[in-house]
Amino acid sequence: MAIPLLCSNCLVKIATWNVNSINVRIPQLIAWLRDADPDVLCVQETKCTDDNFPEVVLEEAGYKAAFHGEKSYNGVAIISKDEIKDVRLGFDHDNEDSQKRLIAATVNGVRIVNTYFPNGQALDSDKFVFKLDWIQHLRGLFDEYYSTDEKVLLCGDFNVAPDPADVWNPGAWEGHIHFSLPERAAITYVKQWGFVDAFRKKNGDVKAFSWWDYRAGAFQKNHGLRIDHIWVSEPLAATLKDCWIDTAPRDQEKASDHTPVIAEFDV
DNA sequence: ATGGTAGATACTCTA
């Protein structure tokens, strides 16, 4: 009798969380893994080199990890209970100086692409040009390597709020970084590859946020943006059971400015 | 319009 390699008729939980320094946040991260019990957690802004990644602590908590980091800035990782296969680090054209913003891997037959989109700073900044260019390259990655017939999941900190419902005061944010038309158009182009927004599929047009500025008591006033996303291909969307934002970690001491987004699949 | 906070680094940058 063959031993099944993949889970069948079971729930798989995949989450994304910008932790804003994984070494500062490791106590909250370990606690959240125990409470929320995700199968996979994609993290962004690890802000550490690969030799400083807290691999052992995660192992003790029952998780393996694949990571792609650098000193001080950026950095992404995929943390998983199950085996992490076929890891990709960055784009084909990246060199050793390229910002570490992309890691992809296959877990239980799902191709996971974990991303930390450039912030862009301001529309008149060189960093904004870099942001739009980076997003174009991301679409290119799906065109080149992946099929919409496969189970593909794109998640991470997109640094873009797609719609007015994703912004606490869309009137004031219109034209500003995170909610300007060029960057919204850029992520729409990525979405048109064949993605479904998991949160919107399960929650309609509800207003909900995944990030609140550290400043001006933004979290207490619920002055937030929904810039952390889980987008899935149609074959994966067909198995989507639920998608939600867990605001509890944002309310803790020493919180990240982002909070986890979780999608649950019946595979 | 300004400045408010946090993290990493090193006397400032990024978000």
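Keep in mind it's a predicted model, so treat the numbers as computed, not measured. Naming: A, B, ... by sequence-line order, numbering from 1 per chain.
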Short side-chain N/O contact from A/R215 to OP1 or OP2 of B/dA15, under 4.0 Å: no

Value in whole Å for how far the C1' atom of B/dG4 lies from CD of A/Q220: 13 Å

Distance, P atom - from B/dA1 to B/dT12, rounded to whole angstrom: 27 Å

Gap between atoms CG and P, on A/D126 and B/dA15 respectively (whole Å): 13 Å

P gap between B/dA10 and B/dT14, integer Å: 14 Å

Short side-chain N/O contact to B/dA6 OP1/OP2 from A/K254, under 4.0 Å: no

Sugar-phosphate, base or nothing in reach of A/Y116, heavy atoms under 4.0 Å: sugar-phosphate

Short side-chain N/O contact to B/dT14 OP1/OP2 from A/S72, under 4.0 Å: no

Pairing of A/E174 and A/R184 as salt bridge, 4.0 angstrom limit: yes

Atom-to-atom span, CZ of A/F158 to P of B/dA15 - whole angstrom: 17 Å

d(NE2, A/H176; P, B/dA1) in whole Å: 8 Å

Cationic tip of A/R88 above A/Y145 ring, under 6.0 Å, 45° of axis: yes

Same-atom distance (C1') from B/dT9 to B/dC13, integer angstrom: 9 Å

Parallel, tilted or perpendicular: rings of A/F158 and A/W231 (30°, 60°): perpendicular

Atom-to-atom span, NZ of A/K47 to P of B/dC13 - whole angstrom: 15 Å

Toward the 5' end of DNA chain B, by each residue's nearest nucleotide, A/N23 or A/W211: A/N23

Closest to side chain of A/Y214, choosing from B/dT5, B/dT14, B/dT9: B/dT5

Mutual orientation of the aromatic rings belonging to A/H176 and A/W173 [parallel < 30°, tilted 30-60°, perpendicular > 60°]: perpendicular

Rounded interatomic separation in angstrom, taking CD1 from A/I22 and P from B/dG7: 15 Å

Length of the NE2-P vector between A/H223 and B/dG3, whole Å: 20 Å

Contact nearer the 5' end of DNA chain B, comparing A/A216 with A/N20: A/A216

Aromatic ring pairing A/Y146/A/F142, orientation class (parallel under 30°, perpendicular over 60°, tilted between): tilted

Euclidean distance, atom CG of residue A/N18 to atom C1' of B/dT14 [Å, nearest integer]: 12 Å

